[in-house]
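Not measured: the values here are computed from a predicted model. Every chain is numbered from 1, with letters handed out A, B, ... down the list of sequences. FYI, side chains are in, hydrogens and waters are out, and symmetry mates aren't considered; it's all heavy atoms of this structure.
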Amino acid sequence: MKYWLMKSEPEVFSIDDLAKSKNQTTFWDGVRNYQARNFMRDEMKIGDKVIFYHSNTEPPAAVGICEVVKEAYPDFTAFDPKSKYYDPKSKKENPTWFMVDIKLVKKFDRPVSLEEIKRNPKLKNMKLVQKGNRLSVMPITKEEFNEIVLMGNKNYK
DNA sequence: GCCAACGTTGGC
DNA sequence: GCCAACGTTGGC
């Protein structure tokens with residue numbers, strides 16, 4: 001089993017939106033970066049665990065745990081001219097972009113801010129805290145996953 | 001195939 | 001809202 005961190009802008013789709021979704025499950029649309037796509041398409045498997053992260057907000061923070069419930073399939077928003085994720089180069093017979101489905105496992109008792117993540121020496125190797133990294137889907141280690149989950153517990157510190 | 005120009009991400 | 005960092009595009 002692998003562990004991941006996935007970023008979403010809460011103004012677009014927050015963990016509370018996920019909590020309100022049918023079966024607390026959503027399709028992860030709009031990934032338009034090849035490296036992130038490759039992770040989703042080639043490596044994400046059912047049962048993989050995901051840290052849900054709020055980006056481009058104040059404060060940026062890890063906010064909960066999700067689980068992959070459907071492996072990669074074509075991102076249909078790329079075929080829809082009305083979608084902001086429309087990409088005319090992606091053809092139905094040979095799709096460029098893929099999505100997975102994720103289900104909410106648990107919203108953290110407390111958000112784990114980027115600042116806290118940066119302060120924690122156990123998390124210093126995460127791509128998230130390395131300068132200039134803009135990946136929206138990234139692999140993390142089991143240890144990093146467990147540490148962030150611990151920090152999200154109301155009894156932490 | 002190089003690389004300048006451009007667009008996007010996302011912390012601040 | 002700014003802008004550094006990065007990815008992509010397209011002229012050559």
Check your understanding: Rounded to the Å, how far apart are A:Glu11 CD and B:dG11 P?
Key -> 13 Å
**Study point:** Aromatic plane relationship, A:Phe13 with A:Trp28 - under 30° parallel, 30 to 60° tilted, over 60° perpendicular
**Key:** perpendicular
**Study point:** Proximity to the side chain of A:Ser136 - top-ranked nucleotide from B:dC12, B:dG10, C:dG7
**Key:** B:dG10
Review point. Do A:Arg32 and A:Thr77 meet the criterion of a side-chain donor-acceptor pair at a distance under 3.5 Å?
Key: yes
Review point. Quick one: which of C:dG7, B:dC12, B:dG10 gets closest to the side chain of A:Ser55?
Key: B:dG10
Review point. Whole-Å distance between B:dG11 C1' and A:Glu115 CD?
Key: 12 Å
Review point. How many Å lie between CD on A:Glu9 and P on B:dT9, as a whole number?
Key: 7 Å
Review point. At under 4.0 Å, does any side-chain N or O of A:Lys84 touch on OP1 or OP2 of B:dT8?
Key: no
Exercise for review: Report yes if at least one side-chain N or O of A:Tyr34 is closer than 4.0 Å to OP1 or OP2 of C:dT9; otherwise report no.
Suggested key: no
Check your understanding: How many Å lie between CD on A:Gln130 and C1' on B:dG10, as a whole number?
Key -> 16 Å
Check your understanding: A:Arg32 CZ to B:dT9 P: how many Å, rounded?
Key -> 11 Å
Check your understanding: Taking for each residue the nucleotide of DNA chain C bearing the nearest heavy atom, is the 5' side occupied by A:Lys89 or by A:Gly132?
Key -> A:Gly132
Review point. Quick one: A:Leu135 CG to B:dG11 P, roughly how many Å, whole number?
Key: 13 Å
Study note, to complete from the structure: When rounded to the nearest 0.5 Å, the distance separating OG of A:Ser136 from CE of A:Met138 is 8.0 Å
**Study point:** Partner of A:Asn38 under side-chain contact (heavy atoms from CB on, under 4.5 Å), chosen from A:Arg41, A:Gln35, A:Met40
**Key:** A:Arg41
Review point. Roughly, in whole Å, what's the span from CG in A:Asn56 to C1' in C:dC2?
Key: 12 Å
Exercise for review: Report yes or no: is there a donor-acceptor pair, N or O only, under 3.5 Å between the side chain of A:Arg134 and the base of B:dT8?
Suggested key: yes
Review point. Just checking, is any N or O donor in the side chain of A:Asp101 or A:Tyr73 under 3.5 Å from an acceptor N or O on the other one?
Key: yes
Review point. According to a strict under-4.0 Å criterion, is A:Lys131 in side-chain N/O contact with OP1 or OP2 of B:dG11?
Key: no
Practice item. Check the distance between C:dA5's P and A:Gln35's CD and give it to me in whole angstrom. Key: 18 Å
